[in-house]
Amino acid sequence: MPELPDVEHARRCLERWLLHKTLARVAASKTRLLRGSSVAALESLQGRRIENVRRHGKWLLVAFDGRQGLALHLGMTGRLSLERSRDPVRWSRAQLETAEGTRVHFQDPRMFGRLAAGSLARLRHELGLDQLGPDVWDEPPSAKVLGSALAHRRRAVKDLLMDQTVLAGLGNIQATEALWKARIHPARRAASLRLDEVRALIAAIRWTLARTLKSMGTPGDTTAAPPGSKAVFRVYGRAGETCPRCRTRLETMRIGGRQSAFCPKCQQAWRKRRR
DNA sequence: AAGTCTGTTAGGAT
DNA sequence: TATCCTAACAGACT
């Protein structure tokens with residue numbers, strides 16, 4: 001699940017569960033710590049109050065008093081959940097417990113997630129937040145800015161959209177959906193996009209992010225679709241089904257090792273750059 | 001039921 | 001430098 005909408009949802013959950021609370025206990029068993037961090041650093045957060053919960057791209061950053069921080073990446077299968085007394089929590093790799101007894105689990109079956117604690121300044125450096133591109137939801141680039149980021153790049157546009165140093169937050173699903181919405185073939189060379197196409201792409205990115213975010217509802221809303229439910233997506237994972245726009249049979253191809261669904265009619269590969 | 005697929009990213013090869 | 005590929009891991013699906 002964890003692309004921008006999922007991480008933003010997780011952020012809102014954390015805010016609801018932890019904001020202004022005191023962290024009484026933190027434990028990390030099998031979670032991989034970020035290089036340069038340690039369990040001792042995690043434990044030094046105990047007794048501190050949570051001041052805010054921010055997100056940049058797919059990273060979560062929890063700020064504590066004393067300029068300390070906890071950084072979290074959900075990796076490919078990570079999720080945050082509130083412990084309820086009923087069923088046991090599977091794949092819990094780390095636990096955060098407030099003085100009031102609220103217990104938050106970091107569940108991560110595949111263990112691609114990351115956790116780190118330390119001074120906020122040091123974390124920002126270690127995480128390479130300065131290496132990340134602008135957050136695609138909070139600070140979307142203008143067509144001109146994105147256009148120049150794509151110019152002179154030979155890689156497939158989809159591959160670049162998922163490059164976190166260009167734009168922070170998009171993953172395979174959101175990039176697939178946005179390109180379909182913007183009617184751009186995923187394998188197009190990034191440099192071949194015209195300015196009007198870049199403009200359409202930015203609008204399409206907002207469209208898919210807003211749509212996915214909305215489908216997840218607000219934290220605690222049990223009527224919303226469970227995160228990652230396929231129903232929201234128009235083309236992702238739907239190769240062989242028909243295009244919702246033109247009824248053409250959707251196809252899929254591999255780009256940068258990732259499966260990329262597209263509509264062969266709406267998303268033409270051979271539009272060449274107009275000079 | 002063995003084989004294939006999977007939402008990420010770091011790091012090494014080309 | 002830019003791009004491409006694979007490993008890290010464990011489960012779901014066909």
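Proteins come first, then strands; the chains are lettered A, B, ... in the order of their sequence lines, and each starts at number 1.
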Problem set entry | Residues that A:Glu15 engages under salt bridge (charged side-chain N to carboxylate O under 4.0 Å, His left out), provided they are two or more places apart | A:Arg11
For this session: State which residues pass side-chain hydrogen bond (donor to acceptor under 3.5 Å, both in side chains) with A:Gln68; sequence neighbours excluded, sorted by chain then number.
Result: none
Problem set entry | Distance in angstrom units between A:Asn172 CG and B:dT9 P, rounded | 12 Å
For this session: Could you work out the separation of B:dG12 and C:dC9 based on their P atoms and round it to a whole Å?
Result: 16 Å
Problem set entry | Sole residue of A:Gln174, A:Lys181, A:Glu177 in side-chain hydrogen bond (donor to acceptor under 3.5 Å, both in side chains) with A:Thr208 | A:Gln174
For this session: To the nearest Å, give me how far apart CZ (A:Phe112) and C1' (C:dA10) are.
Result: 8 Å
Problem set entry | Residue met sooner reading DNA chain C from 5', once A:Gly257 and A:Arg155 are mapped to nucleotides | A:Arg155
For this session: Taking Watson-Crick and G-U wobble pairs with both distances under 3.5 Å, convert DNA chain C into its dot-bracket string, 5' to 3', dots for unpaired and | for cross-strand pairs.
Result: .|||||||.|||||
Write out a two-atom table: protein N or O, nucleotide N or O from nucleotides 11-13 of chain C, distance below 3.5 Å.
from, atom 1, to, atom 2, distance (Å)
C:dG11, OP1, A:Trp91, NE1, 3.0

For this session: Could you tell me whether a side-chain N or O of A:Glu126 sits under 3.5 Å from a main-chain N or O of A:Arg124, the two making a donor and an acceptor?
Result: no
Problem set entry | Atom pair distance, as rounded to whole Å: CG in A:Asp108 and C1' in C:dA8 | 12 Å
Exercise. Where along residues 157-165 of chain A does a heavy atom come under 4.0 Å from DNA chain B, residue by residue in number order?
Worked result: A:Gln164
Problem set entry | Gap in Å between the two P atoms, one belonging to B:dT6 and one to C:dC5, rounded | 16 Å
Exercise. Side chain of A:Arg245, backbone of A:Trp180: donor and acceptor closer than 3.5 Å?
Worked result: yes
For this session: Return no unless some side-chain N or O of A:His73 is found under 4.0 Å from OP1 or OP2 of B:dT8.
Result: no
Exercise. Is the shortest side-chain N/O distance from A:Arg254 to OP1 or OP2 of B:dT6 below 4.0 Å?
Worked result: yes
Exercise. When rounded to the nearest Å, what value does the distance between P atoms of C:dT3 and B:dG7 take?
Worked result: 22 Å
Seminar exercise, completed: Closest non-hydrogen contact found for A:Gly171 with A:Lys58 is CA-NZ, 3.6 Å
For this session: Run through the side-chain heavy atoms of Ile, Leu, Val, Met, Phe, Trp and Tyr, join any pair under 4.5 Å, and report what else lands in A:Phe262's cluster.
Result: A:Met253, A:Ile255
For this session: Between C:dA12 and B:dT9, how far apart are the P atoms? Round to whole Å, please.
Result: 23 Å
Problem set entry | Inter- and intrachain pairs under salt bridge (Lys or Arg N to Asp or Glu O under 4.0 Å), touching residues 134-154 of chain A, at least two apart | A:Arg55-A:Asp135, A:Arg55-A:Asp138
Problem set entry | Shortest side-chain distance from A:Met111, nucleotide among B:dG7, C:dA10, B:dT9 | C:dA10
Only pairs under 3.5 Å count here: list side-chain donor-acceptor contacts from residues 237-244 of chain A, not counting sequence neighbours, and write none if there are none.
from, atom 1, to, atom 2, distance (Å)
A:Arg238, NE, A:Phe233, O, 2.7
A:Arg238, NH1, A:Glu241, OE1, 3.1
A:Arg238, NH2, A:Lys230, O, 3.2
A:Arg238, NH2, A:Phe233, O, 3.2
A:Thr242, OG1, A:Arg247, NH1, 3.2

Exercise. Rounded to the nearest Å, what distance is computed from the CG atom of residue A:Leu115 to the C1' atom of nucleotide B:dT9?
Worked result: 16 Å
Exercise. What salt bridge (Lys or Arg N to Asp or Glu O under 4.0 Å) pairs are there with at least one residue in residues 40-51 of chain A, not counting sequence neighbours?
Worked result: A:Arg48-A:Asp65
Exercise. Taking CZ from A:Arg153 and C1' from C:dA2, how many angstroms apart are they, rounded to a whole number?
Worked result: 7 Å
Exercise. Expressed in angstrom and rounded to an integer, what is the separation of A:Ile255 atom CD1 from B:dT6 atom P?
Worked result: 13 Å
Problem set entry | Spacing of the C1' atoms in B:dC5 and C:dT6 (rounded, Å) | 16 Å
For this session: Mind checking A:Arg258 for me? I need base, sugar-phosphate or nothing, with any heavy atom below 4.0 Å counting as a touch.
Result: base
For this session: Could you check how far CG of A:Leu132 sits from C1' of B:dT8, rounded to whole Å?
Result: 13 Å
Problem set entry | A:Ser119: side-chain hydrogen bond (donor to acceptor under 3.5 Å, both in side chains) partners, not counting sequence neighbours | none
Exercise. Who pairs with A:Gln95 by side-chain hydrogen bond (donor to acceptor under 3.5 Å, both in side chains), at least two apart in sequence or on another chain?
Worked result: A:Ser92
Problem set entry | Those residues that, when tested against A:Glu100, pass side-chain hydrogen bond (donor to acceptor under 3.5 Å, both in side chains) (two or more places apart) | A:Thr98
Exercise. To the nearest angstrom, how far is A:Leu74 atom CG from C:dA10 atom P?
Worked result: 18 Å
